[in-house]
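In what follows, every heavy atom counts, from backbone to side chain, and hydrogens, waters and symmetry copies are set aside.
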Amino acid sequence: MTNLCRLSNYVSYTKLLSQLTQTKSLKPGLQIQAHLTKLGLSNDSKHRNHLVNLYSKCGIFNYAWKLLDESPEPDLVSWSSLISGYTKNGFGKDAIWAFIRMHSLGLKCNEFTFPSVLKACSIEKELFLGKQLHGVVVVTGFDSDVFVANTLVVMYAKCGELVDSRMLFEEIPERNVVSWNVLFSCYTQNDFFSEAMCMFRDMIDSGVRPDEYSLSNILNACTGLGDIVEGKKIHGYLVKLGYDSDPFSSNALVDMYAKGGDLKDAVTVFEGIVVPDIVSWNAIIAGCVLHECQYQAIDMLNQMRRSGIWPNMFTLSSALKACAALELPELGKGLHSLLIKKDIILDPFVSVGLIDMYCKCNLTKDARLIYDLMPGKDLIALNAMISGYSQNEADDACVDLFIQTFTQGIGFDQTTLLAILNSAAGLQVADFCKQVHALSVKSGFLCDTFVINSLVDSYGKCSQLDAAARIFDECPTLDLPSFTSLITAYALLGQGEEAMKLYLKLQDTGLKPDSFVCSSLLNACANLSAYEQGKQIHAHVLKFGFMSDVFAGNSLVNMYAKCGSIEDASCAFREVPKKGIVSWSAMIGGLAQHGHAKEALHLFGEMLKDGVSPNHITLVSVLYACNHAGLVAEAKKYFETMKDSFGIEPTQEHYACMIDVLGRAGKLDDAIDLVNKMPFEANASVWGALLGAARIHKNVEVGKHAAEMLYNLEPEKSGTHVLLANIYASVGLWGDVAKVRRLMKDSRVKKEPGMSWIEVKDSIHTFIVGDRNHLRSDEIYAKLEELGQLMAKAGYVPMVDTDLHDVERRQKEILLSYHSEKLAVAFGLIATPPGAPIRVKKNLRICLDCHTAFKFICKIVSREIIIRDINRFHHFKDGSCSCGDYW
């Protein structure tokens, strides 16, 4: 009877220990060991084997080792359980050490031990030991065992020997679905997605039915390939075979649809999952972020938390990307707090996400704090921080951090170079740009198109056009950004003709321009006053469908306004689809420059009604409009209320405009009072405005004071000397005029020569005073002679007082008649069709004599003459000027 009870206990304990091992129930296992010891059954090998297996699976390896040490003789089952436990818990080195210990005891591996040891070799990438075990497997004949063969396939693949892995797979005599799954998994994990797809088709052709693991792996391959069509076929298999409710397959489907470009289907699959796990939520949230559905991603995160699942670092990384894109710093800080609570703040992946989020929310100080706290800074973290600085125009910090980390040996890559070149361009430090150029050559990155384009852009913005052009010319494969960078540089630095030549070269390459190229070219035409060429670019804008682009639309408004056609500018303005502050400012500024002050102020009112708030540039244009129409009261109203009404503090530009308004209107005392009340030291534009007013009103004292201030601020500028000399000359102080001339000579200040440009048949013609270098000079001077006679009959008298040369009156008349703008107008009259408007650009302010002469000429020849001088546009028509003689 007692023996029967002991046998019953023996059977029940064995069965119970087996069940506890499956559920990893440690505490009941310890209690059973205590009972077995009490009953004297603890030395039984089967009980010991079950206990070793239980402790190993639960990761309590010291208990397992104690049982092994107490064992009277080595037991292969116990050792195999221990090795399996180490492997399943990810302790590859311990598993290998245990195997070596077992082997030293003379125990031989069997079909259960080999897979565990081979898996440990896979974990630790121990290819040498794996090959030795492979030899033992072959010698002992276990290579015919499918389970062992599958593990060998995995071991070779995980150690990077995919060819050997495939050969072993081919040698398996009877491949089951697990064999195929092993190879699918190896291929997808090593990014050989196409090979995985081919293997899957071979498996189907061989008659092996796929299971949920096969289909999940192949879905991952479809995701890697971005092949949503094939992915939908696999989805069909899942439904057909009844695996569509399998959590692994469902998660793989959500990921495949999201990354394959079909967020709607991804959401549909996700909503069909009965109980989504953390992988499901991560896949759908990452998908929303990938498709730029940032608010939907945040909503999904909130739903996940309400469902009782806490986010992990992958969830929070996606959520941080959404916060960065939406610029939601408060939510980002909340996620940061959650990360601290979850104790995963030091994870490099998440730390980089935090740096990126703070930078994109313009909180670079917080980003730098995260960066500095990172224990092991790598290149990814450095790039996130440097790019953040560059994007937020913290260019000094960007360059400083790069120099600091470069000396520390962290290294750099393409992303680093692009960021620091952008900052070098922002700082306009040509020397640093040259150093980065040298570094790019030395490190081999000069073959990278992105780096080449950034160098062109950076050199261009540092005013190093020769260097920019040289890099462009040496580039082996020119693309659109290469052309865009150099065209933009030419346009910004006043090399409009070079920009247009480069555009012709772009067209020869067959590349299609984009809206940025067209915008740059339109700006170049604006600077050149190249109306005809601007119209051609306008045609290209229409041809390539860029009229809906705001940048191109704004550039058209600016180009037409600066080329003298405010009517065309108005038409372009009306066609801008979404008018922002740049659109309104360009049109208001254009109207102001053309002397349409009331229209400019009316448009400003329309802008406010449209809900668009002005910026400081808009208000400069408004004050400018008031200035050139003598609207003193209106100007004072806008100037005095700009802070309260629009939250804009007046800058030097606003003060200069207001002082110009007061000065031109003869309120010199008020202008001087405003200068004295400025909250900062007046700059050259302010003193220049006061000097200009003193010239108009022949106020020697004010002019002399303003000129002295300008001498200190801009000693190299000749305009100050010329204006002061004009003031002295206007009141007959010729001795003082001579003193100014001597001062210019002693200071080696050269008067800027007056130059004028006119566009005829896509060519720009340039003239200076008394110019006889033009091919049609004889015709030009003959035309001027003819006009002079007609003007004299009409009552024109040369205003010789405006000429400061100490010569006879007749000589002064000759000098006045050959001013550059008169030469340009004369050429326009002989080179353009009758009745066509004549558009001329001048680099200086138009003189009083030329202004008077053009009022006579426009009436004599029945043509509109449009002169764009340094200050504004003058439209001469029917004997009068649009400025009303107030300029």
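With Asp413 contributing its side chain and Thr416 its backbone, the two residues share a donor-acceptor pair below 3.5 Å. At least one donor-acceptor pair under 3.5 Å links the side chain of Thr407 to the backbone N or O of Gln404. Ser216 places no side-chain N or O within donor-acceptor distance of the main-chain N or O of Tyr213, the cut-off being under 3.5 Å. Proximity of a side-chain donor or acceptor of Ser249 to a complementary backbone N or O of Ser245 within less than 3.5 Å is not detected. With Thr140 contributing its side chain and Val136 its backbone, the two residues share a donor-acceptor pair below 3.5 Å. Here the side chain of Ser206 pairs a donor or acceptor atom with the backbone of Met203 at under 3.5 angstrom. Judged by distance alone, with hydrogens and angles left aside, the side-chain atoms of Asn110 form a donor-acceptor pair with the main-chain N or O of Phe112 at under 3.5 Å. Arg175 places a side-chain N or O within 3.5 Å of a backbone atom of Phe169 that can act as its donor or acceptor partner. A distance-only check finds a donor-acceptor pair linking the side chain of Asn190 to the backbone of Cys186 [under 3.5 Å]. In this structure, the side chain of Ser185 does not engage the main chain of Val182 through any donor-acceptor pair within 3.5 Å.
Residues that satisfy the side-chain hydrogen bond (donor to acceptor under 3.5 Å, both in side chains) test with Glu111, not counting sequence neighbours, are absent from this structure. Take Tyr243 and apply the ring pair (Phe, Tyr, Trp, His ring centres under 6.0 Å) test, not counting sequence neighbours, and it matches no residue. Looking at residues two or more places apart in sequence or on another chain, you find no ring pair (Phe, Tyr, Trp, His ring centres under 6.0 Å) involving Phe192. In terms of the ring pair (Phe, Tyr, Trp, His ring centres under 6.0 Å) criterion, residue partners of Tyr156 (sequence neighbours excluded) are, by chain and number, His134. Remark: Asp299 engages Gln303 in a side-chain hydrogen bond (donor to acceptor under 3.5 Å, both in side chains) (not counting sequence neighbours).
Asp262 is not listed as a side-chain neighbour of Met256, based on a closest heavy-atom distance of 4.5 Å or more. In this structure the side chain of Val267 reaches within 4.5 angstrom of the side chain of Gln296, judged on heavy atoms. Inter-residue side-chain proximity for Leu328 and Lys333 is flagged as unmet; no heavy-atom pair is nearer than 4.5 Å. Under the 4.5 Å side-chain criterion, counting only non-hydrogen atoms from C-beta, Phe412 is not in contact with Ile386. Contact annotation: the side chain of Glu124 never approaches that of Leu129 to less than 4.5 Å [non-hydrogen atoms, C-beta and beyond]. Side-chain contact check for Leu183 versus Val154: every heavy-atom pair is 4.5 Å or farther apart. Looking only at side-chain heavy atoms (C-beta outward), Met385 and Cys359 come within less than 4.5 Å of each other. Side-chain contact between Val254 and Ile273: present, with at least one pair of heavy atoms (C-beta onward) separated by less than 4.5 Å.
With respect to the salt-bridge test (charged N to carboxylate O, under 4.0 angstrom), the residues Arg368 and Asp372 qualify.
Residues Trp65 and Trp79 bring their aromatic ring centres within 6.0 Å.
Few gaps surround CZ on Phe142; more than 12 heavy atoms of other groups in view lie less than 6.0 Å from it. Atom CD1 of Ile380 sits in a sparse spot, with 12 or fewer heavy atoms from other residues, nucleotides or ligands closer than 6.0 Å. The number of heavy-atom neighbours closer than 6.0 Å to NZ of Lys259, taken from other residues, nucleotides and ligands shown, is 12 or below. Crowding of His291 atom NE2: a count of heavy atoms from other residues, nucleotides or ligands under 6.0 Å exceeding 12.
For Gly260 against Ile228, the heavy-atom pair with the smallest separation is O-CD1, 4.0 Å. Counting all heavy atoms, side chain and backbone alike, Phe445 lies closest to Gln414 at CE2-N, 3.6 Å. Taking both residues in full, the closest heavy atoms of Lys57 and Asn89 are given as O-ND2, 3.7 Å, listed atom of the first, atom of the second, then distance. Considering all non-hydrogen atoms of both residues, Ser317 and Val350 come closest at OG-CG2, 3.7 Å. Smallest separation of non-hydrogen atoms from Asn217 and Thr188: O-CG2, 3.4 Å.
Between the CG atom in Asp94 and the CD1 atom in Ile123 there is a gap of 10.5 Å [rounded to 0.5 Å]. Taking CG of Leu215 as the start and CG of Leu241 as the end, the distance is 6.5 Å to the nearest 0.5 Å. Rounded to the nearest 0.5 angstrom, Ile355 CD1 and Lys360 NZ are separated by 12.5 Å. A distance of 5.0 Å separates CG of Leu118 from CG of Leu152, quoted to the nearest 0.5 Å. Taking CG of Leu263 as the start and CZ of Phe270 as the end, the distance is 11.5 Å to the nearest 0.5 Å. A distance of 9.5 Å separates CD of Gln132 from CD of Glu126, quoted to the nearest 0.5 Å.
A donor atom on one side chain and an acceptor atom on the other are not found under 3.5 Å apart for Glu161 and Ser165. In this structure, a donor-acceptor pair under 3.5 Å is absent between the side chains of Tyr237 and Arg209. Side-chain N/O atoms of Thr223 and Asn220 include no donor and acceptor closer than 3.5 Å. A donor-acceptor pair shorter than 3.5 Å can be found between the side chains of Asp211 and Ser214. Side-chain contact annotation: Thr87 with Ser116, donor-acceptor N/O pair under 3.5 Å absent.
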Does the side-chain contact (heavy atoms from CB on, under 4.5 Å) test come out yes or no for Phe200 and Phe184, once each step is laid out? CA-CA 7 Å; Phe200 177 71; Phe184 296 155; 4.0 Å; yes
Begin from the C-alpha positions of Leu335 and Leu354 and carry the test side-chain contact (heavy atoms from CB on, under 4.5 Å) through to its verdict. CA-CA 9 Å; Leu335 293 172; Leu354 278 169; over 6 Å; no
Criterion side-chain contact (heavy atoms from CB on, under 4.5 Å) on Met102 and Leu76, from CA distance to verdict: CA-CA 8 Å; Met102 181 196 84; Leu76 179 61; 3.9 Å; yes
Should Phe61 and Tyr86 be marked as a ring pair (Phe, Tyr, Trp, His ring centres under 6.0 Å) after you check the CA-CA gap, both sets of side-chain angles, and the distance that decides it? CA-CA 8 Å; Phe61 296 107; Tyr86 273 131; 4.0 Å; yes
Residue pair Met304, Trp310: steps toward the side-chain contact (heavy atoms from CB on, under 4.5 Å) verdict: CA-CA 7 Å; Met304 184 184 95; Trp310 274 86; over 6 Å; no
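Ring geometry, Phe349 versus Phe314: the interplanar angle falls from 30° to 60°, so the pair is classed tilted.
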With a 3.5 Å cut-off and sequence neighbours excluded, list the donor-acceptor pairs that the side chains of residues 276-284 form with protein atoms.
| residue | atom | partner | partner atom | Å |
| --- | --- | --- | --- | --- |
| Asp277 | OD1 | Asn251 | ND2 | 3.3 |
| Asp277 | OD1 | Val279 | N | 3.2 |
| Asp277 | OD1 | Ser280 | N | 2.9 |
| Asp277 | OD1 | Ser280 | OG | 2.7 |
| Ser280 | OG | Asn251 | OD1 | 2.5 |
| Ser280 | OG | Asp277 | N | 3.2 |
| Asn282 | OD1 | Thr315 | N | 3.4 |
| Asn282 | OD1 | Thr315 | OG1 | 2.4 |
| Asn282 | ND2 | Ile278 | O | 3.4 |
| Asn282 | ND2 | Asn312 | OD1 | 3.2 |

